[in-house]
Peer 1: 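Mind looking over this structure? Questions follow.
Chain letters run A, B, ... following the sequence lines, proteins first and then strands; every chain starts at 1.
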Amino acid sequence: MLNYLIKRILWMIPMLIGISLISFFIMHLAPGDITSNESAFNPKASEESRQKLRELYNLDKPIIVQYGLWLKRIVQLDFGSSFASHQRPVLWEKKDENGNIKPGLIQKALPITLLINLLTILLIFSISILLGTIAAIKKNKIPDRMITLFVFIGFAIPGFWLALILMYSLGVVNQVLPISGLHSIGYEQMSKLAQILDLLKHLALPVFISCLSGLAGISLYVRNGMIEILNQDFIKTARAKGLYEKKVIFVHTLKNALLPLITILGLSIPGLIGGSVIAESIFAIPGMGKLFYDAVLMRDFPVVMGILTIGSILTLLGNLIADLAYAWADPRIRRGLAK
Amino acid sequence: MRKIIKNPMSLAGLIIISIIGILAIFAGYLSPFDPNYININAILLSPNGTHWMGTDALGRDVFSRMLHGAQISLLVGIVAVGISTIIGIILGSVAGYYRGIVDTIIMRLVDVMLSIPSFFLILAVIAFLTPSIWNIMIVIGLTSWMGVTRLVRAEFLSLKERDFVLAAQTLGASDLRIILTHLLPNSLGPIIVSTVLGVASAVLVESGLSFLGLGVQAPTASWGNILTDGKEYIQFAWWLSLFPGLAILITVLGYNLLGEGLRDNFDQNT
């Protein structure tokens, strides 16, 4: 197991180098260098910020030196400061000249996005396992057809459109749920319990929107997996020796169908992180997605590059955790590694 | 073709796609109005006999804009997927046929690309370029070839072991000939499925980008930006939000139905 862990972590090093190369390549996509042309037409980029950009990315040096310096800064997790007037550090808090602590942008935004994604994953898994199991048991009957229809619509519906409709019907017309931000006015005065409830109410719609396509995909996956396993010999054996159908379904079949979900979970992380852009910018939630979107609009390059890198590192970590969990959960692999 | 029609799923998908495709191709003839014609005497009219889907805040005819939007959305979707499929076929063939170090490099590149959240990647590239319809096609195409690459490579790996490939090699056929006439035609099925499903997701990505204001730019109509313009008026002009969303939903549904139906067909064949 330890060998596997070490190998798996070492494997991340070339991946990180690849990611840094691609990020670096994107930065040089802009015609000319990123300080000229585009930004020259952009009134938002002042001469001062352009000068800063040149210093930050060493644009006056040869390209290979630029990459080396950029890589060195990434390794030290130094992403510089935002171009916006507040000039907050991109990643982590820093003291400015006056000794005031400036909080980092990602530092503040990341926990919010992680919370949303965690809730989303929990919801996706609990509901899709339920739906997938029902569909598999009732294969080709009405419940299965209904669930398949739901899956197809869930795949096809544009999340931002549904968000708009829900915002309007539940937030504006009926005012059941808040439609923007994370907290109501007067949040500080609330009791601890009321604070949590208030937060959950604000997160209800964004989490639901983030769930949708994942929910559809994983329900289908559970359904197909269950059907495949139900046709296997060991299930016939289980039935033949007279086990209750409930035991056959929930113990023998479901357990085996759930195993590959761990891998799917790992693979769905980049989609969830990337998807946060739309949900967060619609519902004005100050997470990574909104931060990224605002940075793209303002051409705030240090923030864009910082989030791109941190988002990729998070994905790698998520995959690592999923692989380790799989190796731990599947006795075939676990025993194989122990040898 | 007969199989597509026999399967209710792919048949439904094909009908939906054909209708939308025809509407898009003939948008210029079918539109009752110029999609960009501003008429201050007809602002925010609800759907009626003259304006079938109402008018927007500038008095432009929403039905005409929807038709031209269909053109843009489908064009972006199809060109983007064309780019990613070509890249995927080339890289996947090379990796699967030659194996060795080239294979390792290509597959590591796939791993790296897959670990960067794709929507972040697309937005980052657009931040450094100007958002235009061509840039969007290229960016979506360049960020979505990984699936096809893996798929073509996997097909090649299993096909390469078959006798007919060995026979062709023994007869002295060139690598290019073996790839083009023996291996690729035999892996066409899964490639077509992934292309069709790819169009669905490219249409969704384009509409999402346009909705965020980073995709197709005004005054060119796309379903995403009609929705963005309309969301300010959702309280008293429901038609501006309803129709573009429905159009995206139906189009994506059509491509997904066709793709899944085709997948079923190919699975039964093998």
Peer 1: Which of residues 195-204 of chain B get closer than 4.5 angstrom to chain A, counting heavy atoms alone?
Peer 2: Leu204(B)

Peer 1: Please tabulate, for the side chains in residues 15-23 of chain A, all donor-acceptor contacts under 3.5 angstrom to protein atoms that are two or more places apart in sequence or on a different chain.
Peer 2:
{"unit_1": "Ser20(A)", "atom_1": "OG", "unit_2": "Ile17(A)", "atom_2": "O", "d": "2.7"}
{"unit_1": "Ser20(A)", "atom_1": "OG", "unit_2": "Tyr67(A)", "atom_2": "OH", "d": "2.8"}
{"unit_1": "Ser23(A)", "atom_1": "OG", "unit_2": "Ile19(A)", "atom_2": "O", "d": "2.8"}

Peer 1: Does Ile142(A), at its CD1 atom, have more than 12 non-hydrogen atoms belonging to other residues, nucleotides or ligands within less than 6.0 Å?
Peer 2: no

Peer 1: Quick one: are Ser118(B) and Pro270(A) in side-chain contact, heavy atoms under 4.5 Å?
Peer 2: no

Peer 1: Out of the candidates Val252(B), Asn256(B), Leu257(B), Leu253(B), only one should pair with Phe155(A) under the side chain to side chain contact (heavy atoms under 4.5 Å, CB included) rule; please name it.
Peer 2: Asn256(B)

Peer 1: Answer with side chain, backbone, both or neither: which region of Phe211(B) has an atom nearer than 4.5 Å to a non-hydrogen atom of chain A?
Peer 2: side chain

Peer 1: Is there a side-chain contact between Thr309(A) and Phe120(B) in this structure, where contact means two heavy atoms from C-beta onward sitting under 4.5 Å apart?
Peer 2: no

Peer 1: Looking only at heavy atoms, which two atoms of Ile248(B) and Pro158(A) are closest? And how far apart?
Peer 2: CG2-CG, 3.6 Å

Peer 1: Excluding sequence neighbours, so at least two apart, what forms side-chain hydrogen bond (donor to acceptor under 3.5 Å, both in side chains) with Asn224(A)?
Peer 2: none

Peer 1: By a 4.5 Å heavy-atom criterion (distance strictly below it), what part of Phe152(A) contacts chain B: side chain, backbone, both, or neither?
Peer 2: both

Peer 1: First locate atom CG of Leu297(A), then atom CD1 of Ile126(B), and finally report the distance between them rounded to the nearest 0.5 Å.
Peer 2: 11.0 Å

Peer 1: Which of residues 66-78 of chain B have a heavy atom under 4.5 Å from any heavy atom of chain A?
Peer 2: none

Peer 1: Looking at every heavy atom in both Ser207(B) and Phe160(A), which two are closest together, and how far apart are they?
Peer 2: OG-CZ, 3.5 Å

Peer 1: May I ask you to name which of Leu162(A), Ile157(A), Val277(A) has the most heavy-atom pairs under 4.5 Å with chain B?
Peer 2: Val277(A)

Peer 1: What's the verdict on side-chain contact (heavy atoms from CB on, under 4.5 Å) for Ile278(A) and Phe119(B), showing C-alpha distance, side-chain angles and the deciding distance?
Peer 2: CA-CA 10 Å; Ile278(A) 287 183; Phe119(B) 207 67; 4.0 Å; yes

Peer 1: What part of Ile122(B) gets closer than 4.5 Å to chain A, counting heavy atoms only: side chain, backbone, both or neither?
Peer 2: neither

Peer 1: So Leu121(B) and Ile26(A), side-chain contact (heavy atoms from CB on, under 4.5 Å) or not? Walk me through it.
Peer 2: CA-CA 9 Å; Leu121(B) 190 61; Ile26(A) 290 174; 3.2 Å; yes

Peer 1: Are Thr315(A) and Ile116(B) close enough that some pair of their side-chain heavy atoms sits under 4.5 Å apart?
Peer 2: no

Peer 1: Under a 4.5 Å heavy-atom cutoff, which of Ile250(B), Thr251(B), Leu246(B) has the most pairs with chain A?
Peer 2: Leu246(B)

Peer 1: Picking from Leu109(B), Leu242(B), Leu212(B), Leu114(B), which has the most non-hydrogen pairs under 4.5 angstrom with chain A?
Peer 2: Leu212(B)

Peer 1: Side chain from CB out, backbone as N, CA, C, O: work out which of these in Tyr168(A) comes under 4.5 Å of a heavy atom of chain B, or both, or neither.
Peer 2: side chain

Peer 1: Start with the C-alpha gap between Tyr293(A) and Leu214(B), add the side-chain angles, then the distance that decides, and say whether side-chain contact (heavy atoms from CB on, under 4.5 Å) holds.
Peer 2: CA-CA 10 Å; Tyr293(A) 175 59; Leu214(B) 293 164; 3.8 Å; yes

Peer 1: Are any of the side-chain heavy atoms of Ile165(A) and Ser241(B) separated by less than 4.5 Å?
Peer 2: no

